[in-house]
Every structure is written in C-alpha cells, then in structure tokens.
Amino acid sequence: QYLLLGRAKTGVLNPEELVGGVLYVAVWVLQLALMVGCTITFCMWFYRVYRNLRAMGITTAFTPGWAPGSFFVPFLNLVRPFQIARETWMGSEASGSTEPAGSGLVSLWWALFLGSRIIAWVGSRFSGQTMDSMQTAHMVFVISDVVSAGAALACIAMIRKIDRRQQESHRLMAAGA
C-alpha cells in the first residue's frame, strides 16, 4: 500500500497495482470484521470473569456490567478497564497458590492496547489531501497494527492465566466445601 501510494503520486498505476489496492481494501474489511468479533467475544469474557469474582465471595469495586461497559465511556475508558482487569487478576488468585499475585501481564496488555490506540490516533492526524501525508499516515497505521498485535498476544496470555487462576480457585473451593 505504501508503494502504491508512491506510484499513485507519480500518476502511473498498472493493473497489478490496482489489484493490489483492491486486495488491501479486502484485507482491511477482514481485519475490521475480526476486530469486531474479537471485541464482542472479549467483552463477554470480561463480564463473566469479573462476575465470577462475586461468585467466589469477593466483593468487587464495580458491578459486572462495568467490565465491558467501561470501554465505551469516554475518558473513563482510559483507566477503568485496566482497574477492572487488575482487580480480576488479583481476585482470581487461588488461596495457597504459588503463583505471584502481582503480574506485569495486565499492565503490559493495557500499555500495548492504549499505545496502539494512541498511535492510530496520531496516524489519523496525518491523513490529509496529499500523497505524502497519506504515505506517512499509512506507515503510522502499520506501526499501530504491530503494537495492536502485541496487545492481542498479551491479552491472550492474560485471558489464559486468569481462566487458569479462576479454575484453580474453583477447584480449591469445591475441595474445601
């Protein structure tokens, strides 16, 4: 896409480059569809694991609805999802667990997630009417996508660990009852 923008600047495009542009748009649509699907799935998971804390007898600072809902409230979405994720992480630790209570995994996920959103916002500031500004924006969006992929990997690791911690807590509670 970056090279396509460079060639468009010169006014010379061949059919293969036009096909490349169409493929770029198709990949973008696929990326958008995957992002929407993953967002819905993550919000459902986030609600459930936060609600599980109450079922484990832990008093939570917020209602379970705030777990997914906090992502959609401007300004609050900069801190509340992280607070809820950290509370979920800490509350999910099984009694007698040898795993350390504090983990940088939640912080890493949140830093990468916010970082990717900030980088994308910066890229949108470069989007203008000139080919140079479009090329710059494209490169910034590529960087945002790479950081977003890192956030996704950290999120997957966080999900797996929280699920494992809650399963262990449930096992210990069932054994003690």
Side-chain angles (χ1 to χ4, degrees), residues 1-50 61-62 64-89 102-163:
Q1 185 67 20
Y2 182 78
L3 296 174
L4 180 63
L5 287 171
R7 299 259 307 158
K9 188 167 42 173
T10 65
V12 180
L13 290 174
N14 61 42
E16 291 85 15
E17 290 169 326
L18 292 175
V19 170
V22 170
L23 287 175
Y24 176 80
V25 171
V27 168
W28 179 83
V29 169
L30 177 64
Q31 180 184 15
L32 181 63
L34 287 171
M35 188 170 58
V36 168
C38 288
T39 299
I40 291 168
T41 303
F42 176 80
C43 286
M44 291 170 55
W45 172 83
F46 205 38
Y47 171 84
R48 288 180 182 145
V49 295
Y50 195 62
F62 312 102
W66 273 112
S70 63
F71 282 95
F72 303 100
V73 180
F75 301 109
L76 185 65
N77 63 3
L78 298 174
V79 293
R80 186 61 46 86
F82 172 71
Q83 292 171 333
I84 291 172
R86 187 180 56 209
E87 183 180 8
T88 301
W89 177 275
S103 171
L105 191 54
V106 175
S107 297
L108 175 65
W109 161 69
W110 192 244
L112 291 171
F113 176 77
L114 272 186
S116 71
R117 302 290 67 98
I118 291 167
I119 293 167
W121 178 82
V122 168
S124 71
R125 303 292 107 196
F126 283 107
S127 295
Q129 301 302 320
T130 68
M131 287 296 171
D132 287 335
S133 65
M134 290 173 68
Q135 282 182 308
T136 301
H138 178 73
M139 291 309 296
V140 173
F141 288 137
V142 167
I143 294 167
S144 172
D145 285 346
V146 169
V147 175
S148 188
L153 292 174
C155 185
I156 290 167
M158 179 183 73
I159 287 169
R160 293 178 65 150
K161 284 212 172 227
I162 288 174
D163 281 349

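Note that these values count all heavy atoms, side chains included, but never hydrogens, waters or copies made by symmetry. On a predicted model such as this, the values are computed, not experimentally measured, just so you know. By convention here, the first residue in the shown sequence is residue 1.
- Residue His138 holds its NE2 atom at 10.5 Å from CD1 of Ile143, rounded to the nearest 0.5 Å.
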*Under the side-chain contact (heavy atoms from CB on, under 4.5 Å) criterion, do Trp45 and Ile162 qualify, and how do the steps go?*
CA-CA 11 Å; Trp45 172 83; Ile162 288 174; 3.9 Å; yes

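- In this structure, Tyr50 contributes its side chain and Phe62 its backbone to a donor-acceptor pair below 3.5 Å.
- Between the CG atom in Leu112 and the CG atom in Leu108 there is a gap of 4.5 Å [rounded to 0.5 Å].
- The shortest distance between side-chain heavy atoms of Trp89 and Ser107 does not fall below 4.5 Å.
- In this structure, Tyr47 and Pro64 approach most closely via the heavy-atom pair CD1-O, 3.3 Å.
- In this structure, the separation between OG1 on Thr41 and CG on Leu34 is 10.5 Å, given to the nearest 0.5 Å.
- Leu153 is linked by a side chain to side chain contact (heavy atoms under 4.5 Å, CB included) to nothing, counting only residues two or more places apart in sequence or in another chain.
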*Dump the intermediate steps for side-chain contact (heavy atoms from CB on, under 4.5 Å) on Arg80 and Val73, then the final yes or no.*
CA-CA 9 Å; Arg80 186 61 46 86; Val73 180; over 6 Å; no

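- Rounding to the nearest 0.5 angstrom, the gap separating the CH2 atom in Trp28 from the CG atom in Asp145 is 12.0 Å.
- The shortest non-hydrogen separation linking Phe141 to Ser124 is CZ-N, 3.5 Å.
- Minimum interatomic distance between Ala85 and Val106 (heavy atoms only, all atoms of both residues): CB-CG1, 3.8 Å.
- In this structure, CE in Met158 is found 9.5 Å from CH2 in Trp110, a value given to the nearest 0.5 Å.
- When all heavy atoms of Ile119 and Val147 are compared, the closest pair comes out as CD1-CG2, 3.9 Å.
- Residue Gly65 comes nearest to Pro68 through the heavy atom pair O-CD, 3.4 Å, listed as atom of the first residue, atom of the second, then distance.
- Although no hydrogens or angles enter the test, the distance criterion places no donor-acceptor pair under 3.5 Å between the side chain of Ser148 and the main chain of Ser144.
- Under the 3.5 Å distance criterion, with hydrogens and angles disregarded, no donor-acceptor pair is assigned to the side chains of Arg86 and Gln83.
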*Passes side-chain contact (heavy atoms from CB on, under 4.5 Å), Phe71 versus Phe42? Steps please.*
CA-CA 11 Å; Phe71 282 95; Phe42 176 80; 3.7 Å; yes

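- Nearest heavy atom pair, residue Ser70 against residue Ile84, reads OG-CD1, 4.1 Å.
- Other residues, nucleotides and ligands contribute only 12 or fewer heavy atoms inside 6.0 Å of the CZ atom of Arg48.
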